[in-house]
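Proteins come first, then strands; the chains are lettered A, B, ... in the order of their sequence lines, and each starts at number 1. Here the structure is a predicted model, which is why all the values come from computation and not from measurement.
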2 protein chains.
Amino acid sequence: MFSDSEENYLKAIFHLQRFASDGVSTNAIAEQMHTKASSVTDMLKKLSDKKLVNYVKYQGVTLTNEGKKTAAKIIRKHRLWEVFLVEKLDFSWDEVHEIAEQLEHIESDVLIEKLDKHLDFPKFDPHGDPIPSKDGTFPERDKVLLSEIKVGESGVCVGVKDTSSSFLKFLDKNGVALGKKIKVLEHEEFDDSMRIQIGKESMTISHMIASNLYLKTN
Amino acid sequence: MFSDSEENYLKAIFHLQRFASDGVSTNAIAEQMHTKASSVTDMLKKLSDKKLVNYVKYQGVTLTNEGKKTAAKIIRKHRLWEVFLVEKLDFSWDEVHEIAEQLEHIESDVLIEKLDKHLDFPKFDPHGDPIPSKDGTFPERDKVLLSEIKVGESGVCVGVKDTSSSFLKFLDKNGVALGKKIKVLEHEEFDDSMRIQIGKESMTISHMIASNLYLKTN
DNA sequence: AAATAAATTTAGATAAGACTAAAAATGTAT
DNA sequence: ATACATTTTTAGTCTTATCTAAATTTATTT
Ligand SMILES: [Mn+2]
Ligand SMILES: [Mn+2]
Ligand SMILES: [Mn+2]
Ligand SMILES: [Mn+2]
């Protein structure tokens with residue numbers, strides 16, 4: 001149906017579109033894709049011909065409905081495979097992204113649905129990111145950055161904002177994982193660092209850490 | 001490491017090499033790959049540069065040790081994924097080949113080993129074909145074509161020679177599957193058809209069928 | 001409102017992989 | 001041994017996806 005490259009562009013535009021209120025810029029896409037602006041322009045023309053994006057020269061792009069649907073499907077595949085890798089093959093959450101980048105391009109509708117069933121229809125991936133349903137709807141979950149939580153309150157870890165391997169490895173090392181209960185013990189005004197309770201341990205974390213961890217409060 | 005196309009050529013040469021005693025011909029590869037001889041020549045040069053094949057103009061090719069190792073690895077991946085699809089995702093054996101053709105190109109050594117473990121280190125795929133080990137060794141199994149078995153003797157179905165979807169579907173329809181015990185009741189000289197007992201049923205099968213089913217005799 | 005800077009597109013090149021048509025090498029039959 | 005047929009290679013073209021460098025458009029300053 002679509003080439004791997006086309007699918008990767010659609011995914012990139014989809015993710016960038018959430019932040020930019022207007023069209024997504026050529027440069028933004030180039031940066032996201034680690035490619036050059038001229039390559040992006042070429043691809044935008046092609047995607048526009050295929051009615052996947054609304055493209056006006058010099059004005060940036062937005063996804064059409066068809067483009068959104070296609071992007072959601074790829075993200076669905078990516079995240080389902082990530083769940084598989086962690087749940088069934090015993091990978092840790094910092095190792096799965098690269099492999100899922102490949103697996104997301106495997107084409108077979110039956111495969112996705114069977115995989116979904118095998119995994120018992122998960123709603124969120126190993127990083128807490130929502131898995132769109134077959135029709136492209138993303139499940140919502142009210143989550144708050146740990147950095148926004150007041151002293152004395154607590155919540156359950158449901159996701160990470162930064163999904164870099166180094167951050168995930170740091171969390172592992174300190175016993176932080178999805179489902180863990182975290183309570184804010186202290187908040188240092190000076191540098192916005194926090195003292196938190198996680199399980200029976202307590203630890204101090206920087207603002208950098210606290211602003212990349214999502215909690216679900218009761 | 002290698003492109004999907006390169007991998008597919010290596011696999012094709014590997015399979016053709018089992019029959020041809022000397023080098024594999026350009027035309028044979030072209031037919032197997034559903035491509036043109038000129039495209040094959042181009043690729044052979046490339047594979048030769050990469051020391052994956054021994055190529056002498058007009059003389060056909062053979063795989064180098066490196067080429068054999070690479071081909072075995074791809075076949076290993078293909079067959080492990082087929083086991084996964086049948087055992088874990090509940091596909092039937094006639095549906096898995098096309099998907100495995102895609103999955104075999106996913107690159108991650110850790111993934112293959114974890115998949116192998118998850119499947120409990122299978123030695124044969126859903127069609128009875130041997131799964132090479134990490135070092136490229138193919139497990140052997142003494143098997144005989146059903147058409148070679150004498151009246152009164154019996155064996156257990158361990159593989160198929162023809163793996164076409166139509167043949168596999170026919171077998172399913174008639175209750176033939178790997179592990180089933182089959183006993184030869186009669187043999188018709190005229191057309192080499194056979195009357196066989198499978199489970200509690202008995203049925204007549206053509207020579208075409210009998211010469212594409214492998215049994216393991218006791 | 002120019003002038004300058006930044007972003008974007010165009011033009012032209014390159015590489016992989018495939019194809020067609022023509023040329024060259026090899027094999028077969030008189 | 002020569003002619004004919006088959007196989008294989010070469011030459012040249014096409015598509016996709018990328019790049020660099022130059023041109024163009026849009027945005028920002030003075
Ligand atoms: Mn990911
Ligand atoms: Mn993820
Ligand atoms: Mn197969
Ligand atoms: Mn198989």
Hey, is the side chain of B/Lys45 poking within less than 4.0 Å of OP1 or OP2 on D/dT10, counting only N and O atoms? yes
Is there a side-chain contact between B/Lys57 and the phosphate of D/dT7, meaning an N or O under 4.0 Å from OP1 or OP2? no
Remember a base hit wins even if backbone is also touched, and classify B/Thr26 as base, sugar-phosphate or nothing at under 4.0 Å, heavy atoms. sugar-phosphate
Please work out if B/Thr35 contacts a base, only the sugar-phosphate, or nothing of the nucleic acid, heavy-atom cut-off 4.0 Å. sugar-phosphate
Among C/dT8, C/dA18, D/dT18, which nucleotide sits nearest the side chain of A/Asp42? D/dT18
Taking only side-chain nitrogens and oxygens of A/Ser39, does any of them come within less than 4.0 Å of OP1 or OP2 of D/dC19? yes
Toward the 5' end of DNA chain D, by each residue's nearest nucleotide, A/Gln59 or A/His34: A/His34
What is the separation between atom CG on A/Leu44 and atom P on C/dA7, rounded to the nearest whole Å? 16 Å
Under-3.5 Å donor-acceptor pair between A/Ser38 side chain and D/dT20 base: yes
B/Lys36 NZ to C/dA18 C1', straight-line distance once rounded to whole Å: 11 Å
Please report the distance, rounded to the nearest Å, between CD in A/Glu6 and P in D/dT18. 10 Å
Among D/dT18, D/dT9, C/dC19, which nucleotide has an atom closest to any side-chain atom of A/Tyr9? D/dT18
Length of the line joining B/Asp22:CG and D/dT8:P, which is rounded to integer Å: 11 Å
With distance as the sole test, does A/Arg141 use its side chain to make a donor-acceptor pair with the main-chain N or O of A/Val158 at under 3.5 Å? yes
Between B/Tyr55 and D/dT9, is there a contact of a side-chain N or O with OP1 or OP2 at under 4.0 Å? yes
OP1, OP2 of D/dT8 versus side-chain N and O of B/Asn27: anything below 4.0 Å? yes
Could you tell me whether A/Ser5 contacts a base, only the sugar-phosphate backbone, or nothing, with contacts defined as non-hydrogen atoms closer than 4.0 Å? sugar-phosphate
Do the side chains of A/Lys77 and A/Asp109 get close enough for a salt bridge, i.e. N-O under 4.0 angstrom? no
Nearest-Å distance, CZ (A/Phe2) to C1' (D/dT16)? 16 Å
In whole angstroms, how far is the P atom of C/dT8 from the CE atom of A/Met43? 18 Å
Any donor-acceptor N/O pair, A/Thr64 side chain to A/Lys51 backbone, under 3.5 Å: yes
Examine the base of D/dT7 for any acceptor or donor lying under 3.5 Å from a partner atom in the side chain of B/Ser25, and report the outcome as yes or no. no
Keeping B/His34 on the side-chain end and B/Ala30 on the backbone end, is there a donor-acceptor pair under 3.5 Å? no
Rounded distance in Å - OH (A/Tyr58) to C1' (C/dT9): 4 Å
Cation over ring face, A/Lys114 and B/Phe91, 6.0 Å, 45°: yes
